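The first residue in the sequence is number 1, and the count goes up from there. Keep in mind the model is a prediction, meaning the values are calculated, not measured.
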Amino acid sequence: MKRHILISAILLISFALQANNQLHTTYKRGTFTTVKTASVDADFSTCSKAIDDFIYEFQTDPELLFSWALKKTGQTHNGDGSDDVILVMNRVTYDPEAMKSTINADFIMPNGFSIRNKDLMSYVHDSSADNTREITVDFYYSGSLLKKGKGVFLLTKIDDSHTDIKLTIDIKFGWFFNIFITKKRYKDVMEWRIGQFIDNIKEESQWRFEGDPRQHVRKVKSA
C-alpha cells in the first residue's frame, strides 16, 4: 500500500512539473491559440521587469531582442519548414503616450514570393491585482495577412523567489495567410519559437535575480 502511495505521489509531482513548463496549440474557427507556461526561479518584480523590457524594445527597436528575448528564434536554415515565413523589419515608429507601435515589415515566403511594406500595429494594456499581473499586447493589421492577433502575459507570484509566467497567443490570419499557414506549418514556423521565447524570458529573469553578469541591459532609445 505504501509503495502505491509513493508511486502516485511521484506521478503527481511529475505531472505538476510538466504542467508548469508546457507548450501546446489549439485551432478553432480559424484561430490558432498557443499557450506556454513556465515556472521561474526569480521573484515577481524581476520577472515583471524582464517582460517590461521585452515590450519596450519590441515597440521601439525589435532588433535588440535577438540578443536575448528572441535569441535562437531567427532563421534556422534547417530546411525543415521552420523558415517558411520570414519577417524582415524595415522601420519602427513609437508613440510612448499611447503605448502604440507600428512596425513596417516585409514577409518573404519559401518560393520567393514576398509581401512588402506592410504595417503591423501593437497596443499594450496592463492591469494588476494581488500577486498577479496581466499584460496584453493587441496587434492590428488591415489587410489579407492578419485578422487579429493578441498576446497575453499572466504573471503569478508563488513566493519571494518563484513566479509563474503564462503566455497565451491568439492569431487569426487573413485570407492569404489562412491558405498558406496550415496547422503543420504553424507548428513548424510559430509554435516552437513561442516556446523558445518564454524559455529566454525565464533564463533572463533567473540571471537577473541571481545577479548573473550575462543579464541583458535595456538600451534606451534616444529621441
Is the shortest side-chain heavy-atom distance between [X] and [Y] below 4.5 Å?
X      : Y      : result
Ser161 : Asp41  : no
Ile86  : Val88  : yes
Phe32  : Phe173 : yes
Val152 : His125 : no
Thr34  : Met190 : no

Decide if the gap between the ring center of Tyr186 and the ring center of Tyr27 is smaller than 6.0 angstrom. no

Within the 6.0 Å centroid threshold, strictly below: Phe113 and Phe107: no

Can you confirm whether more than 12 heavy atoms, excluding those of Asp160, are under 6.0 Å from its CG atom? no

So with a 6.0 Å cut-off around NZ of Lys71, is the heavy-atom count from everything else above 12? yes

Does a salt bridge link Asp43 with Arg208, judged by any charged N lying under 4.0 Å from a carboxylate O? no

Please determine whether a side-chain nitrogen of the Lys or Arg among Asp138 and Lys150 lies less than 4.0 Å from a carboxylate oxygen of the Asp or Glu. no

Test Val40 against every option in His162, Lys202, Glu204 by the side chain to side chain contact (heavy atoms under 4.5 Å, CB included) rule and name the one that passes. Lys202

Using side-chain hydrogen bond (donor to acceptor under 3.5 Å, both in side chains), reason through Gln215 and Trp68 one step at a time and then give a plain yes or no. CA-CA 9 Å; Gln215 65 182 286; Trp68 67 290; over 6 Å; no

Report the C-alpha distance between Asp119 and Thr102 in whole Å, list the side-chain angles of each, state the deciding distance to 0.1 Å, and finish with yes or no for side-chain hydrogen bond (donor to acceptor under 3.5 Å, both in side chains). CA-CA 6 Å; Asp119 289 337; Thr102 302; over 6 Å; no

